[in-house]
Structures are given as structure tokens and as C-alpha cells.
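As the structure is a computational prediction, the values presented were derived from the model and not from experiment. By convention in this document, chain letters (A, B, ...) are assigned in the order of the sequence lines, proteins followed by strands, and residues within each chain are numbered from 1.
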Amino acid sequence: MKRTKIKDALLQQKGEKILVKGWVRSFRSNRFIALNDGSCLSNLQIVIDENPDTFEKNAEILKNITTAASLSITGTLVESLGSGQAVELVAKFSDIEILGLANPDDVQKTILQPKRHSLELLREQAHLRFRTNLFSAIFRIRHNMAYAIHKYFNDKGFNYLHTPILTASDAEGAGEMFRASILDAKNPPLTEDGKVDFSQDFFGKETNLTVSGQLEAELGAMSLGQVYTFGPTFRAENSNTSRHLAEFWMIEPEVAFNNLTDNMDLSEDFLKYLIQYALDNCMEDLQFLLQREEAEEKQKPQNERNEMSLIDRMKFVLSNDFERLTYTEAIEILLNSNPYKKKQFKYPIAWGVDLASEHERYLVEKHFKKPVILINYPREIKAFYMRNNDDGKTVAAMDVLFPGIGEIIGGSQREERMDQLIGKMKDFHIEPQSLWWYLDTRRFGTAPHAGFGLGFERLLMFVTGMTNIRDVIPFPRTPKNAEF
RNA sequence: UCCUCUUUAGCUCAGUUGGUUAGAGCACCUGACUGUUAAUCAGGGGGUCCUAGGUUCAAGUCCUAGAAGGGGAGCCA
């Protein structure tokens with residue numbers, strides 16, 4: 001018989017004989033097995049239809065139906081007599097095959113033991129946390145969001161571009177990089193002036209893991225028109241926060257002939273599509289996350305609680321236009337704000353200084369109370385490739401700020417004018433020759449274009465309501481942590 | 001990297017002014033249990049008090065250094 005997934009079994013006609021396989025979540029009264037196979041959040045209840053006088057004869061199998069064991073069971077689907085579920089599967093001992101044992105003494109030492117665990121402990125056992133309701137829900141949603149991203153871009157005629165993960169360009173300015181090398185770490189070959197001789201390394205030059213696929217994506221966009229990347233990204237920054245990972249996944253669309261307004265429109269439409277997709281396709285898991293969040297919120301003091309629930313926050317973003325304003329306007333608002341007047345901000349506010357997260361949070365969570373797109377930042381505080389505005393002071397940058405998360409998207413219209421671009425590179429102490437291939441796109445039929453980077457895990461934080469980024473990626477890499 | 005808090009049983013935590021044999025709930029083990037929903041009831045086992053020094057007659061408790069983790073900040077997505 002072919003295996004039926006529990007997700008489908010729960011919808012199937014009563015009276016049918018089916019085969020299911022999965023892992024035991026709990027076993028009660030020598031009779032009721034809660035079986036989960038990951039196809040959905042819900043368990044299937046197996047009811048063992050035997051008299052107690054058969055127990056002795058089947059002691060071996062009875063003993064081995066323990067939390068976390070894997071089973072294969074054939075049985076008949078019937079209407080449930082209990083109140084917790086609509087249907088259940090009735091089976092005899094002879095219908096149950098133990099596929100994999102789980103010793104209760106050992107299970108007890110893991111998060112598989114059927115009780116509530118802290119997120120910190122679950123993180124330490126990331127290899128087992130998939131087996132929990134919470135993390136199976138999160139990673140089903142993660143899959144659905146990844147799929148929705150590809151679907152969105154495919155439906156809009158974008159091309160998925162695989163930009164390199166190993167890269168020799170060191171001028172992107174997006175952060176500290178991880179070196180990729182096969183040289184002997186203890187005794188690397190040295191040049192005459194005592195530096196590491198990377199000419200003897202695998203690529204014949206110093207290479208690193210990518211911090212962004214943007215520059216290469218621009219090259220693709222200059223022919224394919226619209227491209228996007230979706231891949232791992234590596235930052236060797238010593239960031240110890242709930243919003244940063246050393247290895248994370250980033251989506252970077254890049255569109256020829258788009259200006260900053262087009263770019264804002266794309267980012268807003270894209271985010272709304274993804275949130276709508278989650279509501280349309282992940283409701284069972286979202287309901288579970290909602291209930292979990294509500295239980296958590298009850299533990300907190302009133303003033304720290306969310307004003308809106310998870311699903312309400314998602315619907316709220318869908319039904320409101322993102323607030324679009326310039327950096328200069330944002331500074332004005334902040335200078336006129338109550339917290340500024342009462343000297344409640346820790347960091348200074350002045351034109352030319354980057355906004356601190358307390359300022360961004362004020363704008364998003366207090367002033368506008370919805371997602372905000374900030375544009376036209378001072379040129380000195382943004383990357384070299386962002387297009388100079390005509391005022392001579394600002395660049396066509398945009399940051400999309402979300403409540404509770406901060407910057408979820410960073411992007412810009414790119415500088416397409418060769419002279420301006422070279423001028424900017426010099427200002428930022430980047431040797432133009434090192435990016436000769438990038439500059440070539442401006443030599444041969446240059447065109448206005450724009451793009452942005454979306455942090456995949458930050459999106460997932462918003463969609464799942466998880467407040468630590470380490471809980472929305474299977475195996476988080478952070479300073480001092482690369483287990484599994 | 002900075003600020004701050006935490007580290008005691010498998011887990012979550014209590015542990016008084018430094019003082020006898022370090023406790024609870026859950027989990028686990030043994031037994032009971034055919035309509036349970038993280039089942040329930042009875043009994044039982046289980047400790048490198050984060051690590052290394054130090055003070056003291058005596059340290060889970062006080063001091064110094066370090067490690068790991070949480071929260072916040074910087075950097076950013």
C-alpha cells in the first residue's frame with residue numbers, strides 16, 4: 001500500500017484503509033498515539049483496538065511505542081469518539097511496525113521530551129528542533145516564502161541569476177568578509193615584504209565569500225532586463241544581535257530602466273505579495289504561531305505588549321500604503337518630536353548623521369505606525385554605487401523599515417553615469433581599475449537601473465512573529481557558533 | 001566590540017546572614033490504567049551548584065579572572 005500523508009489522511013473519507021508513517025509525539029493510556037509526519041502541523045491520532053489481555057503477548061511492541069520513535073501503521077480511518085480531532089486511525093498491534101526506536105532515557109535528555117522548552121535550549125539542539133510544532137511550522141512557512149519569491153519574480157518575467165559565492169572583488173563595501181583559502185593556515189607562503197602570498201592560493205588572488213550579489217546582478221540586468229538573486233550571503237561582522245547572522249539569505253532584484261520610484265513600487269508590491277501568500281497558504285501554521293505569541297504576550301507587562309496580533313499586523317501592512325518620505329523630512333519630524341524635545345533620544349539628530357535604530361523605531365512604530373520607506377540619504381553615509389541626486393548632497397537610496405524589525409530592505413537607483421561613478425569611487429577610496437568589469441557596463445550602452453536587497457530571515461521574522469533571527473533559519477551561524 | 005543580566009538535577013527554577021545530608025514542579029524509570037488530548041494515580045532513581053584561582057574554621061552563597069547564553073547598542077539585510 002502507498003503511504004498517505006497525514007495532511008491528506010485528515011481530509012480523507014472515513015472507512016478507508018490507509019498506510020501512514022511518522023514519529024510519535026505522545027502515547028497515552030496504552031492506547032492513543034499522536035503521530036506526526038511533518039506534512040502539516042496536526043497529528044493523526046492512532047487508536048490501538050485491542051483488549052488488555054493481548055498486552056502481554058505484545059509487550060515488546062507496546063514498550064517500544066515511545067515519544068520520538070518512528071512507526072509505520074495501516075489502519076482504518078473512522079470518526080473520532082474523542083473531542084480533540086475529527087478523525088482517527090484504528091489499528092491492531094499486528095498493523096504497527098516500529099521503524100526506529102527511541103530510548104526514553106536518552107530522549108529525556110533532549111528537547112524531544114514532551115514539555116515546553118526555552119528557545120535558547122531549542123537552539124542548542126537545532127538538529128532536533130524540527131520535531132517541535134513551533135519549528136516545523138516556521139520551516140514550512142520558510143519554504144512557502146522561498147517558493148513565493150521565485151513565483152513572484154517568475155510571474156513578472158524576471159530571470160533568476162546565480163551570482164558567485166566565491167568572489168575576488170573586495171570593493172563592495174558591504175562589510176567584513178570571510179576569506180576563502182586553501183593556503184596552509186599555519187605557514188602560509190609569504191611575499192618578499194612579509195605579506196601572505198595569495199598568488200599561490202587556489203584562484204591566484206585573495207578571495208572571499210560574497211557579501212552581496214548586487215554588482216554581478218547589475219551586469220545581468222544590463223542585458224536580461226530584470227534579474228534577481230536569491231542565495232546565501234556572508235558577513236564576518238562581530239554582530240551579536242537578534243537581527244544579524246553571519247550567514248543569511250538575501251534576495252536582490254535588479255531592473256534595467258527603473259528609477260527610484262519604480263524601485264519603491266517594486267519593493268512594496270513584492271513584500272505585500274509575500275505576506276498575502278503566507279496568509280493564503282500557511283494559515284494552520286500561522287494560527288499556531290498566533291496562539292503561541294498570544295501566550296507569550298500574556299507574560300509581559302502591558303506596555304511591552306504588541307498593539308496588534310501577528311495576523312493583524314500582516315493584514316495591516318497589506319491594507320496600508322507604505323509611508324514614503326525623504327531623509328531630510330525624517331530629520332525634520334525627529335527634531336520636532338516629543339522624545340527629542342524631552343531629550344529621550346540617546347543619539348544625536350542632525351542632517352548628515354545616519355539615523356540610529358531608536359530614531360527609525362520612533363518613525364515606524366510611533367509616528368507613522370506603518371512601514372516607512374526613507375529615500376534620498378546624504379551621499380557620504382551610503383555606498384558608492386548609489387546615484388547622485390541633482391542637489392549635489394544626496395543619493396537615490398531607499399530603506400524600507402518595518403515595525404519590530406527595522407531595516408528589511410535596502411536599495412537604490414544605481415549611478416549609471418561613468419564620470420559620476422568614477423568620482424564616487426575616488427571619494428570612497430576604491431581603485432576604479434579593481435572594478436573594471438563593473439565600469440564596462442557604463443561604457444557600453446549604460447542605462448538607468450535600480451535594485452534592492454531583502455533580508456530573507458528578516459521577512460520571516462515578520463511573517464512568523466519570531467523575535468530572534470536565529471529561530472527562523474535552520475542552523476544559525478553567529479560569532480562563536482557554527483555547530484551542526 | 002560596548003552596556004547589562006543570567007549560569008544549581010534531563011528541563012524550568014527556588015536556595016534566607018557564609019553553617020548539618022542542596023530542594024520543588026515537569027520529564028525519566030517501575031507499577032496501575034480501554035476514550036486519552038503535554039492523560040492520570042502510587043512509588044523510585046537522578047547533582048563537576050559554568051570554569052580556574054582566592055578569602056574563610058567553613059563557599060551554591062563573598063572576591064578576582066575567564067567562558068557560554070539572553071536583552072539592548074553599533075554595523076547592516
Using atom [atom1] in both nucleotides, what's the gap between [N] and [M] to the nearest angstrom?
{"N": "B:G60", "M": "B:G19", "atom1": "C1'", "value": "13 Å"}
{"N": "B:G10", "M": "B:U48", "atom1": "C1'", "value": "16 Å"}
{"N": "B:U4", "M": "B:G44", "atom1": "C1'", "value": "43 Å"}
{"N": "B:U8", "M": "B:C3", "atom1": "C1'", "value": "27 Å"}
{"N": "B:C13", "M": "B:U51", "atom1": "C1'", "value": "22 Å"}
{"N": "B:U30", "M": "B:U16", "atom1": "C1'", "value": "37 Å"}

Between A:K21 and A:D37, is there a salt bridge with N-O shorter than 4.0 Å?
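Result for this pair is no, no salt bridge flagged.
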Between A:F452, A:F153, A:F270, which is the residue that forms a ring-ring contact (aromatic ring centres under 6.0 Å, His included) with A:Y228?
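So the option named by the test is A:F153.
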Scan every strand shown for a Watson-Crick or G-U wobble partner of [N], both distances under 3.5 Å, and answer none if you come up empty.
{"N": "B:A65", "value": "B:U51"}
{"N": "B:C13", "value": "B:G23"}
{"N": "B:A38", "value": "none"}

Are A:F475 and A:F130, when compared by the centres of their aromatic rings, separated by less than 6.0 Å?
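Distance test on ring centres: under 6.0 Å, yes.
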For the rings on A:H150 and A:Y160, is their centre-to-centre separation under 6.0 Å?
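Distance test on ring centres: under 6.0 Å, yes.
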N/O (side chain, [X]) to phosphate O (OP1/OP2, [N]) under 4.0 Å:
{"X": "A:R458", "N": "B:C76", "value": "no"}
{"X": "A:S29", "N": "B:U40", "value": "no"}
{"X": "A:R470", "N": "B:G70", "value": "yes"}

Could you tell me whether [X] contacts a base, only the sugar-phosphate backbone, or nothing, with contacts defined as non-hydrogen atoms closer than 4.0 Å?
{"X": "A:S26", "value": "sugar-phosphate"}
{"X": "A:Y347", "value": "sugar-phosphate"}
{"X": "A:Q113", "value": "base"}
{"X": "A:R243", "value": "base"}

Assess whether one donor atom and one acceptor atom, taken from the side chain of [X] and the base of [N], lie less than 3.5 Å apart.
{"X": "A:S239", "N": "B:C75", "result": "yes"}
{"X": "A:Q125", "N": "B:G10", "result": "no"}
{"X": "A:H244", "N": "B:C76", "result": "yes"}

Around atom NZ of A:K369, are there more than 12 heavy atoms from other residues, nucleotides or ligands closer than 6.0 Å?
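No, NZ of A:K369 has 12 or fewer neighbouring heavy atoms, counting only those of other groups under 6.0 Å.
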